[in-house]
2 protein chains.
Amino acid sequence: MAAATEHALEAAEAACTLRGARLTELRREVLRLVLEAGQPVGAYALLDRLRAGRAGAAPPTVYRALDFLLEQGLIHKVERLNAFIACADAHDHAPHAGHGHAHPHQFFICGRCGDAAEIADASIAAAIAEAARRIGFRPRGATVEVEGLCAACAEAG
Amino acid sequence: MAAATEHALEAAEAACTLRGARLTELRREVLRLVLEAGQPVGAYALLDRLRAGRAGAAPPTVYRALDFLLEQGLIHKVERLNAFIACADAHDHAPHAGHGHAHPHQFFICGRCGDAAEIADASIAAAIAEAARRIGFRPRGATVEVEGLCAACAEAG
DNA sequence: CCGGTTTCCGTTACCATATAACGTGCGGCA
DNA sequence: TGCCGCACGTTATATGGTAACGGAAACCGG
């Protein structure tokens, strides 16, 4: 799947250029690592891998890059896992000030194989928006993470 | 609101007795602290307060109590904050093996005042269940946390 | 009441996640 | 040319969470 990674990197490059954001070499490298993981991956796991090519990398190195990628909507944080994963749909939604872009999305996380499927379900988003409206709450971003068994693992056992 | 805390403690006591679970003095004390906080509160904040009456308390002391309270459905974890809050509706749903009870609930977390309102919205739960069904995912538990401004803070500014 | 078993919790040590604070170099721009 | 702001290195530290072991107390079948 190296081809898919390369493609995503080029799309990210284009999106950043369009917005005047600078996808530096470091940020690009971290994004590549997140893409290559294919699953939610912890900051320190990324750090270990980053160190293969960058001797002096430290926690702030990776966290700053992750913050940038989050702001640009290129990755998401999976709160239940304290881990990060590439956005499945990074193109064409605007970045968002103040951490964590707003494009509605939901994760279905398999407890067996570790995969996290991202979807963008309008009726979930609508139900949340309606509930918020009802209590006078003004939403700025939502975390929706469902844990369970993916289709493949449910069949297997 | 000490009265409300006392009432919740007695309800918790009753629920545990009913299920054959032991709400020991330590667990009761931790539950009291969570209730008194009234907002999501971190494990180490609880630990500090616990130490007022219990000199030797250490992280495992508070985490074990929190695990118990989670299993009994008396509190929830707020993933976005790595914090814990009393369940707004602790009565009458059965406890749940394997950490984190399943009773569907959602949090609306105010970024200004820090309050977290818990609701149990059936249409959000239904939308999630339907999306899961569509992709063949077998859900075991869901985290729904909306960040934004509560009604009071939205008015204030 | 006894002895085995389980549960609870103290204690120590440690790992994992995340951020603060400060310095330096570089590129853009008046 | 001098200033400014951003990106990043570097060190230190805050915050969140567990593993592992042992002793004491509660429970239970006899």
Side-chain angles (χ1 to χ4, degrees), chain A residues 13 16-17 19-31 33-34 37 40-51 53-72 74-85 95 97-100 143, chain B residues 13 16-17 19-31 33-34 37 40-72 74-85 95 97-100 114 143:
Chain A
E13 193 89 57
C16 286
T17 301
R19 296 169 197 154
R22 292 162 53 188
L23 186 62
T24 63
E25 196 187 326
L26 171 63
R27 292 163 174 173
R28 189 184 164 97
E29 181 59 19
V30 171
L31 177 55
L33 291 171
V34 174
V41 58
Y44 281 70
L46 291 170
L47 180 53
D48 285 345
R49 293 171 207 180
L50 191 59
R51 279 178 168 148
R54 211 172 255 263
T61 310
V62 68
Y63 277 104
R64 285 194 285 234
L66 290 170
D67 284 348
F68 172 85
L69 298 171
L70 285 168
E71 273 163 23
Q72 294 302 315
L74 297 170
I75 63 172
H76 295 292
K77 179 167 188 186
V78 183
E79 299 287 349
R80 284 178 78 117
L81 306 176
N82 294 320
F84 302 85
I85 189 169
H99 228 196
T143 299
Chain B
E13 192 90 56
C16 287
T17 301
R19 297 171 197 152
R22 291 161 55 188
L23 186 63
T24 62
E25 196 187 326
L26 171 64
R27 291 164 174 174
R28 190 184 163 97
E29 181 60 18
V30 171
L31 177 55
L33 291 171
V34 174
V41 57
Y44 281 67
L46 290 170
L47 180 55
D48 284 345
R49 292 170 207 179
L50 191 59
R51 280 178 168 147
R54 214 172 253 263
T61 310
V62 69
Y63 276 104
R64 286 195 285 232
L66 290 170
D67 284 347
F68 172 85
L69 298 170
L70 285 168
E71 274 164 23
Q72 294 303 314
L74 297 170
I75 63 172
H76 295 293
K77 178 166 189 184
V78 182
E79 300 287 349
R80 281 177 81 115
L81 306 176
N82 295 320
F84 302 86
I85 189 169
H99 228 196
T143 299

Using OP1 and OP2 only, check whether a side-chain N or O of [X] sits under 4.0 Å from [N].
X	N	answer
Lys77(B)	dG17(D)	yes
Thr24(B)	dT7(C)	no
Asn82(B)	dT17(C)	no

For this session: Compute the bend angle of the helix from dC1(C)-dG30(D) to dA30(C)-dT1(D) from the end axes (five pairs per end), rounded to 10°.
Result: 30°
Problem set entry | 5' priority, DNA chain C, between Gly56(B) and Leu81(A) [closest heavy atom] | Gly56(B)
For this session: Taking only heavy atoms on the protein side, list every residue of residues 40-50 of chain B lying under 4.0 Å from any atom of DNA chain D, sorted numerically.
Result: Tyr44(B)
Rounded to whole Å, how long is the line connecting atom [atom1] of [X] with atom [atom2] of [N]?
X	N	atom1	atom2	answer
Leu26(A)	dT10(D)	CG	P	12 Å
Leu66(B)	dT15(D)	CG	P	18 Å
Arg51(B)	dC9(C)	CZ	P	17 Å
Glu25(B)	dA24(D)	CD	P	19 Å
Arg80(B)	dG16(D)	CZ	P	16 Å

Problem set entry | Ala58(A) side-chain proximity, nearest of dG9(D), dT12(C), dT11(D) |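 My answer, after comparing the listed nucleotides, is dT11(D).
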Problem set entry | Candidate nucleotides dC9(C), dT17(C), dT11(D), ranked by approach to the side chain of Arg27(B) - the nearest | dC9(C)
Listing time: all N or O pairs from protein to nucleotides 21-30 of chain C that are below 3.5 Å?
none

Problem set entry | First encountered from the 5' end of DNA chain D, between Phe84(B) and Thr61(A) | Thr61(A)
Exercise. Taking only residues two or more places apart in sequence, or in another chain, which ones meet Arg51(A) in a salt bridge (Lys or Arg N to Asp or Glu O under 4.0 Å)?
Worked result: none
Exercise. Which residues satisfy the side-chain contact (heavy atoms from CB on, under 4.5 Å) test with Arg64(A), sequence neighbours excluded?
Worked result: Pro60(A)
For this session: Please name all residues satisfying side-chain hydrogen bond (donor to acceptor under 3.5 Å, both in side chains) with Arg80(B), sequence neighbours left out, ordered by chain then number.
Result: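 Partners of Arg80(B) under the side-chain hydrogen bond (donor to acceptor under 3.5 Å, both in side chains) test: Thr143(A).
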